[in-house]
Amino acid sequence: MSTWRLLPDSSGDCFRWEVAGRILQSDSEDYAIESTAPLPSMNDLLLQGWSNLKQGDEAILRTGLGNSAKSTLMIIFSLIFCISCSFHSFGVIYLHNIGGSSLQVDSAATLPMFRTASGRSVPLKDSSIAKALSILGTHSDNVPLRESGFGDPNSFFQTASNKKVFVSSAGLSRANALLGLEADDFNGFNHVKRSNSSHQKRGCSELKTHATGVQHHSEIPGQYECHVFEKIADNLYTSAVVPPTMFQTAGGKTLSVSVQALKRARNLLGDPESGTLFDDVAAGDQFATPQKVQRLGDTAIKNRNANTGYNAYEGKTSNKHTATSFVSPLRSSSKQFRSAKLEDLASGGNLIKKFDAAVDETDCALNTTKVATHGVSYNRPLASNMAVNNAKANGFIPIAKQFGQPLVDITNRSANNKQDSTQKKRLGKTISVSPFKRPRNSSFKTPLKKNAQHALSGLSIVSSDTLNSKKVLSTRYPERSPRVYIKDYFRMHPTVTTKMNYVPDHVRRIKSSNADKYVFRDESSSNMVGAETFFQILAESGASLQQASRKWIINHYRWIVWKLACYETCYPLICRGNFLTITNVLEELKYRYEREVNHGHCSAIKKILSGDAPASSMMVLYISAIYPKTDNDSQEALGSGSGSNVKVELSDGWYSMNAALDVSLTKQLNAGKLFVGQKLRITDLQHAYVLISYLKILGAGLSGWATPTSPLEAVISNTICLLLNINGTYRAHWADRLGFCKEVGVPLAFNCIKGNGGPVPKTLAGITRIYPILYKERLGERKSIIRSERMESRMTELHNQRQVLYIQNFRFEVAFFKDIQTIFVYNRKSSELLNTDRLTYYSNQLALRSALVEGLMCEYERGVNGVHSQNDTDSEEGAKVFKLLETASEPELLMAEMSLEQLTSFTTYKSKFEAAKQIQMEKSVAKALEEAGLSERDVTPVMRIRLVGLTSLSYEGEHNPKEGIVTIWNPTERQRTELTEGKIYIVKGLVPTISDSETLYLHARGSSSRWEPLSPKASSSFQPFFNPRKPISLSNFGGIPLSSEFDIAAYVVYVGNVYTDVEQKKQWVFVTDGSTQRSRSGEISNSLLAISFSTPSMDDLPTPHISHSLVGSVVGFCNLIKRAKDAKNDMWVGEATENSVYSINAEAAYSSHLKTSSSHIQTWAKLSSSNSVLVTYKLRQRVLFIIGASTCSR
Amino acid sequence: MAAEQKATKEEVKMDLFEDDDEFEEFEINQDWVENEEQVKEVGLQWEDDWDDDDVSDDFSHQLRKELETISADKK
């Protein structure tokens, strides 16, 4: 008796049978074990088992070694055992294959045995057999049962260690389902017998384990063959009646076959019931279940068995109705290759896409196969090879490899295989894929299905195939050898030319607007070759007409011809008419097709219009045309605000689009600095030539674009256009590469920013001053006030106080209102107890309450009552309890009697009610505050920064940097803390405001602007721009220009009172730093500085700017503005602005530079105070005199 | 000479030099800060002022250089 061993497959998901190599018992003719080739898979065995069941005693199970065994029961047991014990949990199971002799199950000596991996026999008890038979529900006469020994009803087997193996009911169910033996159908042996006769008649179909089948089919007798296919088909039909037919994959997965699939199978295979199934199939046709196709192929090659006939791909047949070379309808790979083969042969094109598309379409497999079967001849043995090779060459990954597991399938094979071994070798390399292994979530069309109509109708599928293929038209991309760039080739600016007479007139007349209509004269045929001809040439070359449409050709023809004409015109001595040729145009067209269609590359304009790139990206375009604006042009799109009466067409050399210019660019256009094909005067040369104005554009906007648009359509459209502003548009070098710039956009010099030039994408500037954070409060429409941080904190404090006070009053009024209401109601009820006067008093009191409070109260009540109206049952219950308790005289007692549910409902409702009350009260308070003008303030922090333009060290001209002040709204924390005076920054996101001032004013939002410091090394390449803050001494005060800023540390002599002057509150502060001056009269006195502080009078802050308590202190003032000197009083004058800040703390960060100066003045002040002369006293008197004089003078 | 001209004629322009419209395909990185590193190190700025007619900008410099080259070639 030979021994079988069930081994896990290499993939780990499947199992296969192998000869254990140890013969334990040999009751029949044994054949030497010659091979260790894999034996039938479990799937196969199941089918065999089932087949044998059907055949009863007559079924012959032939092992791969040639052992035939009437081991029906054994097989069933094995199957049940294996299935129920889960394939994956078992390592090795030895199964004794009872040889060809009849199985005497009633004899203990001949009991079938299992053997473990360690070689131990596992006796199969009578009880197990009986149990199995009991479960199977059959008491075959051929299988006498042993009635005894039924221990555990589900314990059929014992393991090597004599442990019982419990077979779960689920396992049994699976086995049943697998075998198609449902509870009511276990006695289906009759059915088997019935079909057996027909099977024997036909005797043509074999289920064959692929490896052994291939290896030993004809040469080795006693192959493991099982005439089962017909039974499968039979079962398929019965399954339409009984529960769905189940297959089990090599991986142990159970798969059901739908009725629909069966129908398709029926259609494909013919109707077995009507006897057409395989009627015409030649005897010897086989159905193989290739487990490992690669191995199969190898084996096939090794054995050179001409009859092996693993020719699923050959398909030679004489059958008119059904393909002998049957490909399982559920098998996609065979279908793939077949499909590929057919199409490949037909079209000669690349079918990889179709391969890909075909992988998953199981449902289409039938149709596909059918189409392939009927539509196209099979007699092309090399086709599959081509397909396979093609697939491999194109990186097609066989699905078997993709899923990393061997695949099992049923494949029809023809015994009429006449192909030679060479072909088989190739076929052997073909990977067969089980359809069950395909990804289930993918969906696609098989190529054959797509072309089904073509195939069925006998039409060639070449044309459609050609359309979809990637035909390589140009080998110039990717370029093979490095070429010089245009700049190095021509080595001169295109404007410079003196030899216009070399250029023929017809070339000179080519413009961008008429280049598409240019025609070549073909010298050989005297034909005119224009865009249409090139369209045809490309089509004949294999270009996709869908991609290289007529429009596409005309567009590119236009730009290519114009470019070549420009070369001819600008460089006549170099070009000599050799550039604008048919060959060059064709090559360029092919090149463009190659890049755009085959490589999917898009030029800048195409990317922008398709939405794949923002229009704000930096790019180089050229002006291809300037047209007068027409009535049809969208005013909005073309910048109606600019007053421009022209529209500009920009191109990247591949496509074009309209652009709108801002006012400044329009001026430049009018001034001739934006041009196309116009005369340009350079030094002494005055020649007509074509010059393309190249623009480097950064931060352009896109108008009228909503959805991805083809550039071929966009150029016709008047709605889509690029919005250019002068701050983002620069003139580019003539040889700059067109399209998007790979390099980083160079920032625009701060000096070049135009106030009306639109957003500045990027600039470079130095920070000279950073002013303290200010707070702008909106006080209504068009009203706002800016406060310093100090004032803002005061204002916040004041506002909070007001709010608290108001809320207190409000609550009080609400309470009072409720009291009055209660009293009023009460008194009305007992009006007989009241006199009329008192009632009237209450009524009047009620009326006196403000309408606001009344309204709010009503709203409040409504909100609170809203809680009661909630619909849910719990709330209703809770509300009832709540009301009951609210009105109860002794709620505690009532609560004590309540059920737990009632209490829970009450608690829930109460919490909801309280929450609603709270929310409603907050709303009411918020509304009351809003109506009282005490709602949340609308305050925005503002940071101001003074910037200056930079001049390169190498610049030889006059250094006249432009200054600007940037206002950053809502500055980020990083901007507040990291920006440093004296550093150079690359700034993005600034927007200038139109101003006549010399100083440029810009604004930005903290979140949208970016400030990146330039490296110190790079910063050193610019001229110094920064004057660090330093304390000013009053002795040198004269040297400061008027209106310039200064910082000073000074002793406060006197603080004036706040007064109102022309909608401003003003306050004068008089300070000195101890320095002396000589008056006109020659008297030496201490210098005085009067500083004016002012705020808009609308600010209702009652506190003064400068506290009088500061008198006698040394204070550091920053960012004061120098004003004209009070000559009469011989006193310097300064002004504090919004940006000014003062501090008595010399250690403060902002005034740290005043620290030394402050300490000196402190020393001076102490000396002066103790001085008998009382310097400070005298100074104060002087100030009072000045103030008095000025008051008198008013 | 004629043969030479013929040979020249047969030469495809695309093999001679690289056009400025042969754009490069690359990922457009919008995060300018990352790319800004090189600029931060170089410290270039675009000083082409449209209103600047004193030909002191880069564009004018380029043109001037070209003209000088041409003049030198003429001599």
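Side chains are part of it too, since the values below use all heavy atoms of this structure and drop only hydrogens, waters and symmetry mates.
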Can we say B:Glu25 and A:Lys607 salt-bridge, meaning some charged N sits less than 4.0 Å from an Asp/Glu carboxylate O?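 Looking at A:Lys607 together with B:Glu25, the answer is yes, because their closest N to O distance falls below 4.0 Å.
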
Straight-line distance of A:Cys752 SG to A:Lys962 NZ, nearest 0.5 Å: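 Atom-to-atom, A:Cys752:SG and A:Lys962:NZ are 8.0 Å apart.
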
Interatomic spacing from CG in B:Leu16 to OH in A:Tyr489 - rounded to 0.5 Å: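 Output value for this atom pair is 4.5 Å.
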
Most contacts with chain B, counted as non-hydrogen pairs under 4.5 angstrom, among A:Leu564, A:Ile726, A:Asn751: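 It is A:Ile726.
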
Counting heavy-atom pairs under 4.5 Å to chain B, which of A:Ser603, A:Ser952, A:Cys575, A:Pro482 comes out on top?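 Looking at each of A:Ser603, A:Ser952, A:Cys575, A:Pro482 in turn, A:Ser603 comes out on top.
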
Which atoms of [X] are under 4.5 Å from chain B, going by heavy atoms: the side chain, the backbone, both sets, or neither?
| X | value |
| --- | --- |
| A:Cys602 | backbone |
| A:Arg491 | backbone |
| A:Lys487 | neither |
| A:Tyr985 | neither |
| A:Tyr591 | side chain |
| A:Gln668 | side chain |
| A:Ile984 | neither |
| A:Lys754 | side chain |
| A:Ile753 | neither |

Does the salt bridge (Lys or Arg N to Asp or Glu O under 4.0 Å) test come out yes or no for B:Lys13 and A:Glu588, once each step is laid out? CA-CA 9 Å; B:Lys13 187 229 82 187; A:Glu588 293 239 3; 2.3 Å; yes

Between A:Arg576 and A:Leu573, is there a donor-acceptor pair closer than 3.5 Å when you use the side chain of the first and the backbone of the second?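 Yes; judged by distance alone, with no hydrogens or angles, the pair exists.
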
Side chain of A:Glu594, backbone of A:Pro478: donor and acceptor closer than 3.5 Å?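 Flag not set: sc A:Glu594 to bb A:Pro478 has no pair under 3.5 Å.
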
Anything under 30° is parallel, anything over 60° is perpendicular, the rest tilted; go ahead and classify A:Tyr571 against A:Phe490.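 Parallel.
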
Neighbour count >12 (heavy atoms, 6.0 Å) for atom NZ, A:Lys667: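 Counting neighbours around NZ of A:Lys667, 12 or fewer heavy atoms of other residues, nucleotides or ligands fall under 6.0 Å, so no.
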
